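For reference, the structure is listed below as structure tokens.
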Amino acid sequence: MGKRALERRLSAVSDFADPQVELEQYPTPADLAAHLVHLADVHHDIAGKTVFDLGTGTGMLALGAATRGPERVLGIDRDASAIAQARENEHRVGPETPVEWIEGDVTRAPFCTSTRISSAPFVTVLMNPPFGAQTGNEHADRAFLETTADIADVSYSIHNEGSMAFVEAFAEDSGGEVTHAFRAELPLSRQFEFQREQKKVLDAEVFRIEW
């Protein structure tokens, strides 16, 4: 299945029914998810591997990975309603590998031990973490990267525009290396009262990191 076919398949994934602004619950577009999953597949980071989607939301990245022959896929989110929606989306997409949906906060211990991944020979993380754009939630993506550095061999993550210096420095300090980076666009429809425009395109950056 090519990237375009995967995008069409992932278009069945529904967005948040009642998004929470404090969690920065914005959907990952199907085309960006398909591109990210395709890139990970080309680098042999999915097939036969254990894949984590940290802050999975309604399951877009986890479901994309589950179509590429992984050994195991886990989608984790602290929002129970999002996990319920992700389970429904799994029925819509029908991935070849079933996804293990877990309600939990990936930024708090004992995340690693509670998900029983210590014996996994190779772990890939896919994630679209909160950007930390909301007051009181600054640097939220750092906490996700800290967990990723602890559990992953390689990761693919989406960040706000202008994050290159921060991500590269964090990876270097944690013994990792950014191997690929590219710009992306996140088209966002109006979800919250503070948003004045019905639709806005947010510039973003995507990074592949070897840990």
Side-chain angles (χ1 to χ4, degrees), residues 20-29 32-33 35-37 39-40 43 45-46 49-62 64-65 70 72-79 82-83 102-118 120 122-186 202-211:
Q20 299 183 46
V21 65
E22 65 273 15
L23 298 181
E24 297 187 39
Q25 291 181 326
Y26 297 99
T28 304
L32 178 55
H35 183 72
L36 191 151
V37 168
L39 179 64
H43 283 85
D45 291 330
I46 294 182
K49 308 297 196 299
T50 295
V51 180
F52 277 72
D53 179 1
L54 303 183
T56 189
T58 62
M60 180 70 80
L61 293 174
R72 185 182 182 195
V73 180
L74 300 95
I76 304 97
D77 202 283
R78 60 187 290 188
D79 182 5
I83 289 293
I102 300 172
E103 182 184 345
D105 187 342
V106 302
T107 68
R108 295 181 179 275
F111 168 73
C112 299
T113 55
S114 66
T115 49
R116 305 183 302 281
I117 65 166
S118 58
F122 192 98
V123 171
T124 296
V125 164
L126 307 178
M127 62 177 179
N128 182 9
F131 290 172
Q134 297 301 314
T135 302
N137 201 36
E138 294 85 354
H139 309 299
D141 54 348
R142 175 184 287 274
F144 279 72
L145 284 173
E146 288 172 349
T147 296
T148 299
D150 286 340
I151 68 172
D153 294 283
V154 65
S155 65
Y156 296 77
S157 55
I158 304 168
H159 298 264
N160 200 7
E161 182 185 32
S163 296
M164 172 72 81
F166 157 65
V167 172
E168 286 187 327
F170 182 93
E172 184 177 355
D173 290 345
S174 302
E177 179 185 6
V178 175
T179 63
H180 296 73
F182 61 91
R183 296 174 63 86
E185 292 184 345
L186 294 174
L202 184 68
D203 291 325
E205 297 172 347
V206 182
F207 301 95
R208 179 184 186 269
I209 304 174
E210 293 182 355
W211 300 95

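As the structure is a prediction and not an experimental result, all values here were calculated from the model. By convention here, the first residue in the shown sequence is residue 1.
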Kindly indicate whether the side chain of [X], heavy atoms from C-beta on, has any atom under 4.5 Å from the side chain of [Y].
X      : Y      : result
His43  : His180 : yes
Phe122 : Val154 : yes
Val206 : Leu32  : yes
Leu145 : His159 : yes

For residues 163-176, which side-chain donor-acceptor pairs fall under 3.5 Å, sequence neighbours excluded?
unit_1: Ser163; atom_1: OG; unit_2: Asn160; atom_2: O; d: 2.6
unit_1: Ser174; atom_1: OG; unit_2: Phe170; atom_2: O; d: 3.0

Nearest 0.5 Å, please: how far is [atom2] in [Y] from [atom1] in [X]?
X      : Y      : atom1 : atom2 : result
Asp79  : Thr56  : CG    : OG1   : 11.5 Å
Leu202 : Leu186 : CG    : CG    : 5.5 Å
Thr179 : Tyr156 : OG1   : OH    : 6.5 Å
Leu61  : Asn128 : CG    : CG    : 6.5 Å
Ile83  : Thr58  : CD1   : OG1   : 10.0 Å
Asp77  : Leu54  : CG    : CG    : 10.0 Å

* Considering non-hydrogen atoms only, spot the tightest contact between Ser155 and Trp211 and give its length. => OG-NE1, 2.9 Å
* Asked: What's the shortest heavy-atom distance between Ala65 and Val51, and which atoms?
  -> CB-CG1, 3.9 Å
* Option passing side chain to side chain contact (heavy atoms under 4.5 Å, CB included) with Met60 (candidates Thr28, Leu126, Leu36, Val37) ->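 Of all the options given, the one that passes is Thr28.
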* Quick one: list whatever passes salt bridge (Lys or Arg N to Asp or Glu O under 4.0 Å) with Glu185, sequence neighbours left out. =>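 Salt bridge (Lys or Arg N to Asp or Glu O under 4.0 Å) list for Glu185, sorted by chain: empty.
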* Asked: Is there a side chain to side chain contact (heavy atoms under 4.5 Å, CB included) between Thr107 and Glu146 once you walk through the steps?
  -> CA-CA 8 Å; Thr107 68; Glu146 288 172 349; over 6 Å; no
* Can Asp45 and Arg208 be counted as an ion pair, charged N to O under 4.0 angstrom? ->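 Looking at Arg208 together with Asp45, the answer is yes, because their closest N to O distance falls below 4.0 Å.
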* Can any side-chain N or O of Thr147 pair as donor or acceptor with the backbone N or O of Val106 at less than 3.5 Å? ->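 Yes: the side chain of Thr147 pairs with the backbone of Val106.
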* According to the salt bridge (charged side-chain N to carboxylate O under 4.0 Å, His left out) rule, which pairs have a member within residues 50-60, sequence neighbours left out? ->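 Non-adjacent pairs meeting salt bridge (charged side-chain N to carboxylate O under 4.0 Å, His left out): zero.
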